[in-house]
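Okay, here's the structure, questions in a sec.
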Amino acid sequence: MSPTGVIAFQAYLSRDSNGPLSAHHILKFDVVPLNRGSGYNVFDGIFIVPSSGTYVFTWSIMCDPNGRVTTELMKNAEVIGTRIADSASSTVWDFSTGISVSDVTQGDHVYVRLAVSSSGLVKSHPLSRTSFSGWLLR
């Protein structure tokens, strides 16, 4: 628990992926402007729950033109949310946001991974970031 009792994090990708990513690849959001409670780990992309409770998690994913990125929000080995950004038949970027409310236990691992191999790049642009956030409800 943070000294203020607040647990919240917000992280985003600073750049596009280098190429299509494999199934079950965990996204490592490398810029972390907020990490109250120190639960988010920038090195592995995993939020380790510092205190049990009900949390809200949100993630936003962008794919390149003619691409498709299918993501899963994971709690340990359990899928608790899914979202797809799909512009496979389009010449514009596609963007998708998911929100999940979940009871979690201290020490649980929460992260965003690809469900299947992507058919394009995971994009992140200063005006439209691929991101991952969460906070404890009171």
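Because only heavy atoms are used, hydrogens play no part in the values below, and waters and symmetry mates are left out as well, while side chains stay in.
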Taking every non-hydrogen atom, the tightest pair across Tyr40 and Lys28: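 Scanning both residues, the minimum pair turns out to be OH-C, 4.0 Å.
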Closest approach of Tyr55 to Pro50 (non-hydrogen atoms, all atoms of both residues):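 Between these two residues, the closest heavy atoms are OH-CD, 4.0 Å.
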Approximate separation, where rounding is to 0.5 Å, of Met62 CE and Ser131 OG: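 Spacing of CE (Met62) from OG (Ser131) equals 10.0 Å.
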Pairing residues for Phe29 by the ring-ring contact (aromatic ring centres under 6.0 Å, His included) criterion, not counting sequence neighbours: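 Listed in chain order: Phe132.
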Minimum-distance pair of heavy atoms, taken over all atoms of Ile26 and Asp44: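 Answer, listing the atom of Ile26 first, then Asp44: CG2-O, 3.5 Å.
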Minimum heavy-atom distance between Ser118 and Pro20, given as atom pair plus value: OG-CA, 3.2 Å
Set of residues satisfying ring-ring contact (aromatic ring centres under 6.0 Å, His included) with respect to His125, sequence neighbours excluded: Trp93
Listed once per pair and sorted, the salt bridge (Lys or Arg N to Asp or Glu O under 4.0 Å) pairs that draw on residues 110-122, sequence neighbours left out: Glu72-Arg113
Fellow cluster residues of Ile99, listed by chain then number, with links counted only when side-chain atoms sit under 4.5 Å apart: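 Val56, Val101, Trp135, Leu137, listed by chain and number.
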Inter- and intrachain pairs under salt bridge (Lys or Arg N to Asp or Glu O under 4.0 Å), touching residues 121-136, at least two apart: Asp16-Lys123
Distance (rounded to the nearest 0.5 Å) between Thr71 OG1 and Arg83 CZ: 8.0 Å
Non-hydrogen atoms of Ser60 and Thr97 that approach each other most closely: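 Taking every non-hydrogen atom into account, OG-OG1, 2.8 Å.
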Shortest non-hydrogen contact between Ala23 and Ser117, atoms and distance: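 Nearest heavy atoms, Ala23 then Ser117: N-OG, 3.3 Å.
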Beyond-backbone contact of Leu27 with Ile61, side-chain heavy atoms, under 4.5 angstrom: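 SC-SC contact between Leu27 and Ile61 confirmed.
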From Asp64 atom CG to Leu121 atom CG, the distance as rounded to the nearest 0.5 Å: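 Between Asp64 CG and Leu121 CG, I get 4.0 Å after rounding to 0.5 Å.
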Partner set under side-chain contact (heavy atoms from CB on, under 4.5 Å) for Ile80, not counting sequence neighbours: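 Ile80 satisfies side-chain contact (heavy atoms from CB on, under 4.5 Å) with Leu73, Lys75, Glu78, Ser100, Ser102 only.
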Test log, rule side-chain contact (heavy atoms from CB on, under 4.5 Å), inputs Asp30 and Phe43: CA-CA 8 Å; Asp30 60 324; Phe43 298 107; over 6 Å; no
N/O donor-acceptor pair under 3.5 Å between Ser96 side chain and Ile84 backbone: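 Yes, Ser96 side chain to Ile84 backbone: donor-acceptor pair under 3.5 Å.
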